[in-house]
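So the structure is just underneath, and the comments pick up after that.
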Amino acid sequence: MTKVVDCQSTLIANFGMPVWENPTEFMMEAVFKHEGMKYRYISTEVPADKLEAAFEGVKAMGYKGFNCTLPHKQKIIPLLDGLGESAELMGTVNCVVERNGQYIGENTDGKGYTESLKEITEIAGKTLLILGAGGAARAIAVECALENAAKIIIVNRTPSSGQELAELVDEKTGASGEFIPLEGELKIPEGVDIVINATNIGLYPDTTKVPIDMTTLKPNMVVSDVIPNPPQTPFIQKAAAQGCTTIDGLGMLVNQGKIAIKYWSGKEVSAQVMRQSLLDLFSKSIW
């Protein structure tokens with residue numbers, strides 16, 4: 001008797017342009033294998049003008065969902081059937097989930113960050129300073145505000161985007177929002193509890209210094225970086241040398257992926273397996 005082989009898998013995609021340097025596929029495939037899940041995660045380079053066609057393909061082939069990264073985080077929104085609370089508030093989507101035949105946009109970036117931060121400290125009542133006003137900064141600011149942060153200070157070179165994000169926090173959440181224009185090296189103001197680099201400064205192979213006066217970091221502060229590669233950025237290393245408690249960028253990347261898998265499958269998976277797969281990947285000189 002011939003044995004029947006079941007090759008059916010639940011399909012998930014990652015849309016971006018470029019996407020080949022995005023490490024998400026490695027941690028997703030590793031944890032699917034570890035958990036015995038019949039899921040496949042497929043990185044797909046999708047130009048901006050092909051997004052709608054790619055989305056139609058996803059629906060036609062019955063994908064359970066997909067991640068989307070630049071340049072699609074806002075352009076995907078008009079194509080979707082609805083948005084989750086955070087995605088609607090911040091106006092960006094990084095995770096799309098099929099629910100009862102509808103494709104709903106979520107944002108797991110900020111949730112991934114708050115999960116890693118809550119492992120170290122409470123967010124409620126704290127004052128946060130976020131360097132940057134792009135997608136990562138926006139997601140972090142909104143989610144931390146929803147976790148009852150008292151004040152969120154946005155620091156950015158471009159006043160328009162920095163001011164807009166500070167106003168969003170101030171007007172749409174329960175937190176107080178403030179904007180500080182970045183000119184030269186920033187001295188951390190008094191009263192800041194948590195400092196976050198939410199820019200791409202330090203992403204391999206970039207060696208640019210984060211524009212913060214490191215002598216103004218205090219040992220009672222939590223300092224974090226969204227950069228996953230390398231996990232121990234120069235910014236994190238210098239903050240640790242100042243006596244600060246530090247959080248590397250793998251926490252946000254791993255937790256947002258874990259949350260997305262829960263959205264797609266209903267299953268809790270091992271964050272440690274995902275983290276280790278990335279550490280193994282980044283230890284290879286070819287990456």
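Fair warning: this is a prediction, and the values are worked out from it, not measured in the lab.
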If we ignore hydrogens and angles and just use 3.5 Å, is the side chain of K73 paired with the main-chain N or O of C68 as donor and acceptor?
no
Only residue of R138, K111, K118 satisfying salt bridge (Lys or Arg N to Asp or Glu O under 4.0 Å) with E143 is K111
Does a sphere of radius 6.0 Å around NZ in K59 hold more than 12 heavy atoms from other residues, nucleotides or ligands, not counting ones at 6.0 Å or beyond?
yes
Before you tell me yes or no, could you show the steps for F66 and F55 under ring-ring contact (aromatic ring centres under 6.0 Å, His included), namely the whole-Å CA-CA distance, both residues' side-chain angles and the distance that decides it to 0.1 Å?
CA-CA 9 Å; F66 57 95; F55 184 41; 5.8 Å; yes
Any donor-acceptor pair under 3.5 Å from D81 side chain to I104 backbone:
no
Indicate the atoms forming the closest heavy-atom contact of G62 with Y103, along with that distance.
C-OH, 4.4 Å
Taking atom types as modelled, is there a side-chain donor on T92 or N107 under 3.5 Å from an acceptor on the other?
yes
Please verify the inter-ring angle class for W264 with Y41; under 30° counts as parallel, over 60° as perpendicular, anything in between as tilted.
tilted
Between N94 (side chain only) and N67 (backbone N and O only), is there a donor and an acceptor less than 3.5 Å apart?
no
Are E29 and R40 within salt-bridge range, i.e. N to O under 4.0 Å?
yes
Taking side chain as C-beta onward, heavy atoms only, is P18 less than 4.5 Å from E45?
yes
Just wondering, more than 12 heavy atoms not from Q237 lying within 6.0 Å of its CD?
yes
Would a 4.5 Å heavy-atom cut-off, applied to side chains only, mark V210 and T233 as touching?
no
State the NZ-CE distance between K126 and M221, to the nearest 0.5 angstrom.
12.5 Å
